[in-house]
Amino acid sequence: MKVHGVNVFLIPSEDAHQSEYIADCDKRRAWISGFTGSAGFAIVTETAAALFTDGRYFLQASQQLDDKYWTLMKQGLPGVPTWQEYLVQNLEAGSKIGFDPTLISAVDAHQLEKQLAPLGSTLVPLEKNLVDLAWGEDRPTPPKDKVFVQPTKYTGKSVQDKLKEVHDYIEKENAYGLIISALDEIAWLFNLRGSDIDCNPVFFSYAVITEAEAYLYIDLDKITDDSVQSHLKESNVIAKPYDTFFECLRGFRFEEGKKLLVNNKTSLAVEIAVGGEANVKEEPRSFVNDCKAIKTAEELQGMRDCHLRDGAALVQYIAWLENKLLVEKAQLDEVDGADRLEQFRAAQEHYVGLSFPTISSTGPNGAIIHYQPEKGSCKTIDPAHIYLVDSGAQYLDGTTDVTRTYHFTTPTAYEKRCFTRVLQGHIAIDQAVFPKGTTGYLLDPLARQFLWQDGLNFLHGTGHGVGAFLNVHEGPHGIGIRPHYNDTPLAVGMTVTDEPGYYEDGKFGIRIENVILVKDAETPNNFGGRGYLGFEHVTMAPIGLNLIDKDLLSPSEKKWVNDYHKECLEKLSPLLSHDELAMNWLKKETTPI
Ligand code: ZN
Ligand code: ZN
């Protein structure tokens, strides 16, 4: 920092594309701090180091950070500053704050500049990332994996049709063009998939769409296959080398008054390359992300289909696990469990890989919300404790994400009560009917109301969008109390998860998660004339029967449980005829209550 003339260096979690999951070469925050969770922000000053993360990671971060050097800042707790507030409150006036401008959005940078101005502190974009310099030769090289075409039979829309919508949008906005840096948006727009980032079928790239043309900036070695070459040609896409992107931006000559459209996630480096704020128009939201959120009929069908295969694999696994633990009295650790589940998934048609690392957790580990078991340090699965498994996969026809919580022996009355409160919230979201225009922000309390009655709560969102053979977490919508969830009404064709939970540190974790699709609801009236919406669940896997406290459920909630289990039995049986153990378990676990 001294050599580069700064007093502070900022280390966000994201890569240059603001990705949530990142390639090994971009895991700078994990390298410098030791904290490996997916969300966090590190600040290193001349005398201190602070790591900011949210409720999902408090426990994990406190275990992984070396408190000799690092202070954990628990985001969301009263009195704990955000990383921006920390810079304002803790730094001496006139501080120079260094950062890599490809890793911070222009919006965040400008906002921070304003907050720092009264103190005389300034932001200093650095050419070189100081963490990379320190990491040196040990830093992994960027991936070089080939990309492949995602056919229209799965996407339901050709690249030409998607590009036409973007060209029309650019014309409507009277702009010069649109810059896209989010990897899932580029994969979606060009009907291409890759494997540069574990669990996310995306590839490193940027795109610039002008009124008439479409440029894809990508390592050209990744697109040498004939099928990809002819796909790009048919779609009138011009491919250019990835590392010429910023140089190309610097070369753009704008017509009088025309600007480049960017969104609130576009990096400051992009804005600097096109000649500064005067040449860009920051759209409050991403047009391509909004288009991507509304799935086509083919994508929705793919989601239904892949969830059946995924449910069958999960049933096989839980049946296998219960038999191992109770009948064979086997000693299995959490990683053994996760690996066996992956094998059952890998045997399914159209399987590509996991959609995120499997959370296989016994007892107290279930309370670590994004727990990742590792050989050596993980626990043996104890049938006397609650077992929570949150997992999912990528299939050519869709992406899955499911959480189930089971107890293989006898749960306590308290565990049953907590589980049932979570289940009631899950059912309330699944059954919700609401007028068009309603956001997931407004639906969120439905998932918490029963826990609240018992003075309980959970510190994560209730649901997130899910990609169609794309990232397992996608926006712009979701169900939760993050303010931006109130910016996007739920709409027909969206996917979202329904995943309330409850966690007690040191004891257990409970979560019940299905993927649900937004659809039109049939209502006897139509007040306001705007139409009403509801959900269709596509995840099929029994919900732990012995954890349900029947006396707590209303007659309609009991009916929901029985109907859901009947549906699981009917839809999964044809896929499980070859596995007697799984079939028997499925029948047992779908017995009406
Ligand atoms: Zn999940
Ligand atoms: Zn989820």
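The figures that follow rest on heavy atoms only: side chains count, while hydrogens, waters and symmetry mates do not. Since we're looking at a predicted model, the values are computed, not measured.
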TODO: Evaluate the criterion side chain to side chain contact (heavy atoms under 4.5 Å, CB included) for residue pair L163 and L189; output intermediate values, then yes/no.
DONE: CA-CA 7 Å; L163 282 175; L189 180 62; 4.1 Å; yes

TODO: Look at atom NZ of K162 and say whether more than 12 heavy atoms of other residues, nucleotides or ligands are closer to it than 6.0 Å.
DONE: yes

Open item on the list: Determine whether a donor-acceptor pair (N or O, by modelled atom type, separation under 3.5 Å) exists between the side chain of R139 and the backbone of C25.
Closed with: yes

Task: Main-chain N/O of D108 paired to S105 side chain as donor or acceptor, under 3.5 Å - done: yes

Open item on the list: Would L268 and L123 count as a side chain to side chain contact (heavy atoms under 4.5 Å, CB included) here? Give the steps.
Closed with: CA-CA 11 Å; L268 183 69; L123 285 178; over 6 Å; no

Open item on the list: Evaluate D290 against K292 for salt bridge (Lys or Arg N to Asp or Glu O under 4.0 Å), listing each step before the verdict.
Closed with: CA-CA 5 Å; D290 285 347; K292 176 166 63 64; over 6 Å; no

Open item on the list: If I compare all heavy atoms of Y395 with all of C306, which pair ends up nearest, and what's the gap?
Closed with: CD1-CB, 3.7 Å

TODO: Could you tell me whether the side chain of H231 and the main chain of F190 form a donor-acceptor pair under 3.5 Å?
DONE: yes

Open item on the list: Over 60° means perpendicular and under 30° means parallel, so tell me whether F35 and Y57 are parallel, tilted or perpendicular.
Closed with: perpendicular

TODO: Verify the ring-centre separation between Y441 and H484: is it less than 6.0 angstrom?
DONE: no

Task: Y485 side chain reached by D444 side chain, heavy atoms, under 4.5 Å - done: no

Task: Pair D168-K172, salt bridge (Lys or Arg N to Asp or Glu O under 4.0 Å): steps then yes or no - done: CA-CA 6 Å; D168 288 350; K172 194 184 111 228; over 6 Å; no

- [ ] Identify the residue among E374, K27, Q60, H370 that makes a side-chain hydrogen bond (donor to acceptor under 3.5 Å, both in side chains) with T36.
- [x] Q60

Open item on the list: Once rounded to the nearest 0.5 Å, what's the spacing between atom CZ of R193 and atom CG of D184?
Closed with: 9.5 Å

TODO: Say whether, by atom type as modelled, one donor and one acceptor occur between the side chain of D390 and the main chain of I359 under 3.5 angstrom.
DONE: no

- [ ] Return yes when atom CG of D66 has more than 12 non-hydrogen atoms of other residues, nucleotides or ligands closer than 6.0 Å, and no otherwise.
- [x] yes

TODO: Indicate whether the side chain of Y21 and that of N200 have a donor and an acceptor atom separated by less than 3.5 Å.
DONE: no

TODO: Take atom CD of E92 as the centre, draw a 6.0 Å sphere, and report whether it contains more than 12 heavy atoms from other residues, nucleotides or ligands.
DONE: no

Task: L249 side chain reached by I179 side chain, heavy atoms, under 4.5 Å - done: yes

Open item on the list: Please check this pair: side chain of H473 against backbone of G465, looking for a donor-acceptor N/O pair closer than 3.5 Å.
Closed with: no

Task: No-hydrogen, no-angle side-chain donor-acceptor test under 3.5 Å, D225 and S227 - done: no

- [ ] Kindly say whether A182 contributes a backbone atom to a donor-acceptor pair with the side chain of H17 at under 3.5 angstrom?
- [x] no

TODO: Count the heavy atoms belonging to other residues, nucleotides or ligands that lie under 6.0 Å from CD of E46, then report whether that count exceeds 12.
DONE: yes

Open item on the list: Around atom NZ of K375, are there more than 12 heavy atoms from other residues, nucleotides or ligands closer than 6.0 Å?
Closed with: yes

- [ ] Determine whether the side chains of H110 and E113 contain a donor N or O and an acceptor N or O closer than 3.5 Å.
- [x] yes

Task: Passing candidate, ring-ring contact (aromatic ring centres under 6.0 Å, His included) with F245, options Y217, Y215, F252 - done: Y217

- [ ] For Q394 and T399, test the side chains for any donor-to-acceptor distance below 3.5 angstrom and give the result as yes or no.
- [x] yes

Task: Neighbour count >12 (heavy atoms, 6.0 Å) for atom CG, L220 - done: yes

TODO: Take atom CG of D198 as the centre, draw a 6.0 Å sphere, and report whether it contains more than 12 heavy atoms from other residues, nucleotides or ligands.
DONE: no

Open item on the list: Please find the pair of heavy atoms, one from I209 and one from H167, that lie closest to each other, and give the distance.
Closed with: CG2-CE1, 3.5 Å

Open item on the list: Could you go through R285 and D487, starting from their C-alpha distance and side-chain angles, then the distance that decides it, and tell me whether this counts as salt bridge (Lys or Arg N to Asp or Glu O under 4.0 Å)?
Closed with: CA-CA 9 Å; R285 48 196 308 140; D487 298 337; 5.8 Å; no

Task: N/O donor-acceptor pair under 3.5 Å between Q18 side chain and L103 backbone - done: yes

TODO: Supply the atom-to-atom distance D219 CG to F203 CZ, rounded to the nearest 0.5 angstrom.
DONE: 12.0 Å

Open item on the list: Would you say that more than 12 heavy atoms from the other residues, nucleotides or ligands in this model lie under 6.0 Å from the NZ of K146, or not?
Closed with: yes

TODO: Could you walk me through whether T495 and E299 pass side chain to side chain contact (heavy atoms under 4.5 Å, CB included), step by step?
DONE: CA-CA 10 Å; T495 60; E299 287 172 326; over 6 Å; no

Open item on the list: Test side chain to side chain contact (heavy atoms under 4.5 Å, CB included) on N263 and V288; report intermediate values, then the result.
Closed with: CA-CA 10 Å; N263 64 60; V288 172; over 6 Å; no

Open item on the list: I'd like to know if K265 and E20 make a salt bridge, using a cut-off of under 4.0 Å between side-chain N and carboxylate O.
Closed with: no

Open item on the list: Would you say that V352 contacts L396 through its side chain, given a criterion of any heavy-atom pair below 4.5 Å between the two side chains?
Closed with: yes

TODO: Locate the shortest heavy-atom distance separating L192 from L216; write the atom from each residue and the value.
DONE: CD1-CD2, 4.1 Å

Open item on the list: Any heavy-atom pair between the side chains of Q63 and I368 that's under 4.5 Å?
Closed with: yes

- [ ] Evaluate the side-chain proximity of V515 to E499: yes if any heavy-atom separation is below 4.5 Å, no if none is.
- [x] no

- [ ] Would you kindly say whether R345 and T400 are connected by a side-chain donor-acceptor distance under 3.5 Å?
- [x] no

Task: Backbone of K157 reached by a side-chain donor or acceptor of N191 within 3.5 Å - done: yes

TODO: Kindly say whether A39 contributes a backbone atom to a donor-acceptor pair with the side chain of E14 at under 3.5 angstrom?
DONE: no

Task: S286-E185 side chain donor-acceptor pair, cut-off 3.5 Å - done: yes

Task: Plane angle bin for Y86 and F52 - parallel if under 30°, tilted between 30 and 60°, otherwise perpendicular - done: perpendicular

Open item on the list: Could you tell me if the side chain of L91 sits less than 4.5 Å from the side chain of N7, heavy atoms only?
Closed with: no

TODO: Ignoring hydrogens and angles, tell me if any N or O in the side chain of S95 forms a donor-acceptor pair with the backbone of S121 under 3.5 Å.
DONE: no

Open item on the list: For the CG atom of L126 and the CG atom of D132, what is their distance to the nearest 0.5 Å?
Closed with: 11.5 Å

TODO: Indicate the ring-plane relationship of F41 and W83, choosing parallel, tilted or perpendicular according to the 30° and 60° boundaries.
DONE: parallel

TODO: Could you grab the distance from atom CE of M73 to atom CD of E85, nearest 0.5 Å is fine?
DONE: 9.5 Å

Task: Distance-only donor-acceptor check, side chains T497 and D401, under 3.5 Å - done: no

Open item on the list: Between V124 and H4, is there a side-chain heavy-atom distance shorter than 4.5 Å?
Closed with: no

Open item on the list: Would you compute the distance between atom CH2 of W135 and atom CG of L130 and round it to the nearest 0.5 angstrom?
Closed with: 14.0 Å

Open item on the list: With heavy-atom distances below 4.5 Å as the criterion, would you say the side chains of F204 and I186 are in contact?
Closed with: no

TODO: To the nearest 0.5 Å, tell me how far D196 CG sits from L183 CG.
DONE: 8.0 Å

Open item on the list: Can you confirm whether or not the ring centre of H350 sits under 6.0 Å from the ring centre of F469?
Closed with: no

